[in-house]
Amino acid sequence: MLDLKFIRENPEIVRKSVENKNEKGNVDEILSLDKDRRSLLQEVEELKARRNQVSKEIPKLKKAGENADDLLAEMKTVSDDIKRLDEEVRQVNDKLRLHLIRIPNLPHESVPVGKSADDNVETKVWYPDDFNAEKDFTPMDHLQLGKKLNILDFERGAKISGTGFPVYVGKGATLERALINYMINFHIEKHGYTEIMPPLLVNRDSMFGTGQIPKLEEDMYFMEKDDLFAIPTAEVPITNMHREEILSEEQLPVKYAGYSPCFRREAGSHGKESKGFLRVHQFNKVEMVKMVRPDSSYEELELLLNDALDILHELKIPYRVLLLCTGDLSFAAAKCYDIETWSPAEKKWLEASSCSNFEDFQARRANIRYRRAEDKKTEFVHTLNGSGLATSRLMVSILENYQTPEGKVIVPKPLQKYTGFEIIG
RNA sequence: GGAGGGGUGGCAGAGUGGUUGAAUGCGGCGGUCUUGAAAACCGUUGUGGGUUAUGCUCACCGGGGGUUCGAAUCCCUCCCCCUCCGCCA
């Protein structure tokens with residue numbers, strides 16, 4: 001959510017950003033509702049001031065034994081007017097808020113303007129030293145490998161739950177678990193994050209706080225009986241840990257890392273890039289969340305990105321980094337890097353992580369503040385998060401990059417102490 | 001699920017329907033004292049909104065609604081927390 005005052009004072013900037021982000025926010029309606037609201041407020045507050053003043057006089061008159069009937073009669077009508085105007089204010093406020101929460105965050109000035117993913121800017125490409133782009137055999141894709149080695153079972157997953165719910169079997173399950181443990185430990189030990197194991201079902205306020213609601217409500221699994229949502233990412237519960245709180249400056253930067261399964265309905269996105277792990281309804285992810293001082297958030301974004309990349313360096317998985325253009329940037333983000341890992345079988349890059357700075361957009365929605373040490377004033381924190389990383393896409397890259405000509409898969413060195421075996425097949 | 005108790009400022013904790021935005025304590029800030037610090041003492045200290053703005057003003061005591069000229073205080077409703085009972089991996 002943007003600051004209403006900012007929109008009032010910079011409507012052109014906001015209009016431009018809504019357009020660049022391919023969003024639909026109605027800035028003019030907001031300006032007009034804001035104007036209505038302020039003029040109504042002035043009117044009703046004048047009446048309330050009068051009411052408050054008289055309310056102090058009445059007990060005095062009564063105490064003095066004087067008659068207050070005239071004042072009481074006047075107040076009766078004043079009170080009715082206030083009630084009517086308050087209702088009008090409430091309606092205008094509701095409408096205003098409805099529009100306000102649909103205005104996307106402003107892209108940072110360093111974000112390239114663009115219409116679609118085609119306009120994203122590649123900022124880095126990395127290959128391990130011994131990497132051979134051209135293998136001397138035709139690599140199997142992760143589906144073929146999964147079936148041959150009996151480590152992934154998409155058919156049975158479909159039987160149990162539906163398409164997009166993979167079953168990990170045997171060494172596949174162990175490898176997945178190893179990957180999660182490895183990544184979590186890495187962030188805790190090497191990067192100083194505090195581990196969080198969050199609830200997987202969250203309430204409406206939490207979903208609103210991080211911005212999934214209302215825009216993406218259709219993409220969320222929803223438990224109607226209890227008004228709870230299955231989390232699409234651990235970002236939601238972890239960021240909301242400090243909703244409605246005031247942190248002290250010494251607590252910053254807050255650095256949390258947590259593993260969770262992620263649930264996404266992916267409504268309306270079937271067909272395209274949807275086979276196997278490329279699009280699933282449930283997947284595992286280690287998420288990093290930071291809450292930082294506003295003046296440090298862009299530094300922290302670079303650090304966050306590097307924290308995620310370090311994993312790929314150790315696992316020796318080729319990757320590239322994209323700086324998302326305005327048109328591909330998510331609703332709440334001000335700046336975002338995507339990390340994509342290489343799939344030799346698909347011969348393309350697969351998104352394995354997004355690292356974003358939300359500035360104070362989420363913090364304003366969720367009311368997460370900190371108290372400045374220097375003047376004791378409160379201010380919204382900046383929130384950031386990044387996958388570190390999503391296992392499903394990473395698993396594709398590991399299986400395909402580490403396969404041998406015989407169709408076996410070597411377990412990457414750093415994962416071996418977690419799996420207890422060195423090769424699958 | 002049943003029965004009871006409770007949600008008040010950064011924290012703890014008072015609060016007969018009428019100068020209560022809210023006692024008191026802690027904490028914070030400023031000062032006196034001191035070589036310095038502590039202690040003691042004095043003062044000060046919430047957030048958000050509107051405004052033709054050294055000011056004036058409105059709202060906020062878990063959320064929402066109601067009664068009233070006037071609500072932290074009374075009523076309804078929802079949420080959350082605690083205790084006991086029941087159920088349970």
Side-chain angles (χ1 to χ4, degrees), chain A residues 1-9 30-101 197-209 213 222-229 237 240-252 254 291 360-361 363-381:
Chain A
M1 186 157 60
L2 294 181
D3 184 12
L4 179 57
K5 206 178 284 174
F6 181 87
I7 298 176
R8 190 188 300 151
E9 286 162 8
I30 287 175
L31 293 178
S32 138
L33 285 167
D34 176 46
K35 211 169 176 183
D36 293 350
R37 170 177 159 274
R38 285 187 290 159
S39 99
L40 279 169
L41 274 183
Q42 242 173 299
E43 198 180 340
V44 71
E45 283 181 6
E46 215 167 287
L47 291 174
K48 283 182 178 176
R50 171 70 181 151
R51 181 182 69 184
N52 288 343
Q53 181 200 344
V54 171
S55 285
K56 282 174 189 167
E57 280 170 28
I58 286 175
K60 278 186 202 162
L61 287 175
K62 284 193 171 176
K63 211 175 261 180
E66 290 177 41
N67 187 305
D69 288 354
D70 288 352
L71 279 178
L72 287 178
E74 182 201 340
M75 282 309 100
K76 181 72 183 159
T77 67
V78 167
S79 184
D80 287 344
D81 287 345
I82 289 175
K83 201 168 283 184
R84 180 175 50 77
L85 286 167
D86 264 347
E87 175 60 20
E88 281 183 50
V89 169
R90 198 185 60 78
Q91 285 183 12
V92 171
N93 266 337
D94 287 353
K95 266 194 225 168
L96 182 60
R97 186 180 149 77
L98 219 58
H99 281 95
L100 204 52
I101 62 176
M197 198 171 285
L200 306 181
L201 302 181
V202 300
N203 60 29
R204 198 167 275 279
D205 287 342
S206 295
M207 290 296 265
F208 179 82
I213 279 181
F222 178 54
M223 262 54 59
E224 197 173 1
K225 265 188 183 170
D226 299 291
D227 204 27
L228 291 170
F229 295 84
N240 276 283
M241 279 177 53
H242 295 298
R243 172 154 50 83
E244 308 287 340
E245 288 186 17
I246 300 172
L247 305 166
S248 70
E249 187 166 339
E250 298 80 68
Q251 282 175 271
L252 305 183
V254 171
M291 296 174 202
D360 64 4
F361 191 83
R364 184 173 282 110
R365 283 169 91 101
N367 199 21
I368 306 171
R369 293 171 293 170
Y370 78 104
R371 197 174 292 282
R372 279 198 297 251
E374 84 177 284
D375 60 3
K376 305 294 172 196
K377 290 285 181 192
T378 59
E379 185 178 15
F380 291 116
V381 299

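Here is the naming used below: chain letters follow the sequence lines, and residue numbers restart at 1 for every chain. Every value quoted in this text rests on a predicted model; they were computed, and no experiment measured them. These numbers come from the heavy atoms of this one structure, side chains and all, not from hydrogens, waters or symmetry mates.
- Across B:rG9 and B:rA23, the matching P atoms stand 12 Å from one another, rounded to whole Å.
- Contact annotation: A:Lys377 side-chain N/O to B:rU45 OP1/OP2 distance is not under 4.0 Å.
- Note: CG (A:Asp34) to P (B:rU51) measures 8 Å, nearest angstrom.
- Counting to the nearest Å, the P atom of B:rG10 and the CD atom of A:Glu244 are 12 Å from each other.
- The phosphate of B:rC29 (OP1 or OP2) has no side-chain N or O of A:Arg371 nearer than 4.0 angstrom.
- B:rU54 and B:rC29 have their P atoms separated by 30 Å, given to the nearest Å.
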* To do: Would you sort out whether A:Asp94 and A:Arg90 count as a salt bridge (charged side-chain N to carboxylate O under 4.0 Å, His left out), showing the intermediate values?
  => CA-CA 6 Å; A:Asp94 287 353; A:Arg90 198 185 60 78; 3.1 Å; yes

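- A cation-pi geometry, defined here as NZ or CZ lying under 6.0 Å from the six-membered ring centre and within 45° of its normal, does not hold between A:Arg204 and A:Phe229.
- Taking a pair to require two hydrogen-bonding distances under 3.5 Å in either a Watson-Crick or a G-U wobble arrangement, B:rG1 pairs with B:rC85.
- Taking only side-chain nitrogens and oxygens, A:Ser55 never comes nearer than 4.0 Å to OP1 or OP2 of B:rU19.
- Applying the 4.0 Å criterion to OP1 and OP2 of B:rG18, one finds that A:Lys56 has every side-chain N and O outside that range.
- Taking for each of A:Glu46 and A:Ile246 the nucleotide of RNA chain B with the nearest heavy atom, the 5'-most of the two is the partner of A:Ile246.
- Tested against A:Asp34 for a side-chain hydrogen bond (donor to acceptor under 3.5 Å, both in side chains), the candidates A:His99, A:Lys5, A:Arg8 yield a single pass: A:Arg8.
- A:Arg8 comes within contact range of the sugar-phosphate backbone alone, with a heavy-atom separation under 4.0 Å but no base atom that close.
- A:Arg50 comes within contact range of no nucleotide atom at all, as no heavy-atom separation falls under 4.0 Å.
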* **Check against salt bridge (charged side-chain N to carboxylate O under 4.0 Å, His left out), A:Lys83 and A:Glu87** => CA-CA 6 Å; A:Lys83 201 168 283 184; A:Glu87 175 60 20; over 6 Å; no

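- Atom name P, nucleotides B:rC87 and B:rG1: the rounded distance is 15 Å, in whole Å.
- Salt-bridge check for A:Asp86 with A:Lys48: passed, with a basic side-chain N closer than 4.0 Å to an acidic carboxylate O.
- With a cut-off of 3.5 Å on both pairing distances, B:rG70 has no Watson-Crick or G-U wobble partner at all.
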* Asked: Do A:Glu249 and A:Arg372 pass the salt bridge (charged side-chain N to carboxylate O under 4.0 Å, His left out) test, and can you show the C-alpha distance, the side-chain angles, and the key distance before you say yes or no?
  -> CA-CA 6 Å; A:Glu249 187 166 339; A:Arg372 279 198 297 251; over 6 Å; no

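- Across the protein-nucleic acid pair, A:Glu45 atom CD and B:rA59 atom P stand 7 Å apart, rounded to whole Å.
- Distance noted for atom P between B:rC33 and B:rU8: 41 Å (whole Å).
- Taking atom P on both nucleotides, B:rU68 is separated from B:rG43 by 44 Å, rounded to a whole Å.
- Across the protein-nucleic acid pair, A:Arg37 atom CZ and B:rU51 atom C1' stand 12 Å apart, rounded to whole Å.
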* Asked: Does the salt bridge (charged side-chain N to carboxylate O under 4.0 Å, His left out) test come out yes or no for A:Arg50 and A:Glu74, once each step is laid out?
  -> CA-CA 10 Å; A:Arg50 171 70 181 151; A:Glu74 182 201 340; 2.9 Å; yes

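- Between the CG atom of A:Asn93 and the C1' atom of B:rG50 there is a distance of 12 Å, given to the nearest Å.
- Partner assigned to B:rG9 is none, using Watson-Crick or G-U wobble distances below 3.5 angstrom.
- B:rU68 atom P lies 13 Å from atom CG of A:Leu72, rounded to whole Å.
- Among A:Glu244, A:Glu245, A:Met291, the one residue that satisfies the side-chain contact (heavy atoms from CB on, under 4.5 Å) test with A:Ile368 is A:Met291.
- When the P atom is compared between B:rG25 and B:rA40, the two are found 13 Å apart, to the nearest whole Å.
- A:Arg204 places its CZ atom 18 Å from the C1' atom of B:rC80, with the value rounded to the nearest Å.
- Regarding contacts with the backbone of B:rG70, every side-chain N or O of A:Asn52 stays at 4.0 angstrom or more from both OP1 and OP2.
- Nucleotide B:rC41 is matched to B:rG31 when pairs are restricted to Watson-Crick or G-U wobble geometry with both distances under 3.5 angstrom.
- Comparing B:rG50, B:rG70, B:rA59 by their nearest atom to the side chain of A:Leu41 picks out B:rG50.
- Using the Watson-Crick or G-U wobble rule with both distances under 3.5 Å, B:rA14 pairs with nothing in any strand shown.
- Counting to the nearest Å, the C1' atom of B:rC58 and the CG atom of A:Leu85 are 13 Å from each other.
- Base pairing analysis places B:rC56 opposite B:rG50; the two distances defining the Watson-Crick or G-U wobble pair are each below 3.5 Å.
- Distance noted for atom C1' between B:rG70 and B:rC11: 32 Å (whole Å).
- Between A:Arg38 and B:rU51 there is a side-chain polar atom (N or O) within less than 4.0 angstrom of OP1 or OP2.
- Comparing A:Gln42 and A:Ala49 against RNA chain B, the residue whose closest nucleotide sits nearer the 5' end is A:Gln42.
- Pairing for B:rG21 is absent, with no Watson-Crick or G-U wobble pair whose two atom distances lie under 3.5 Å.
- Here, B:rG15 and B:rA71 have their C1' atoms 13 Å apart, quoted to the whole Å.
- Distances from the side chain of A:Lys76 to the nucleotides B:rC69, B:rU51, B:rG49 place B:rC69 closest.
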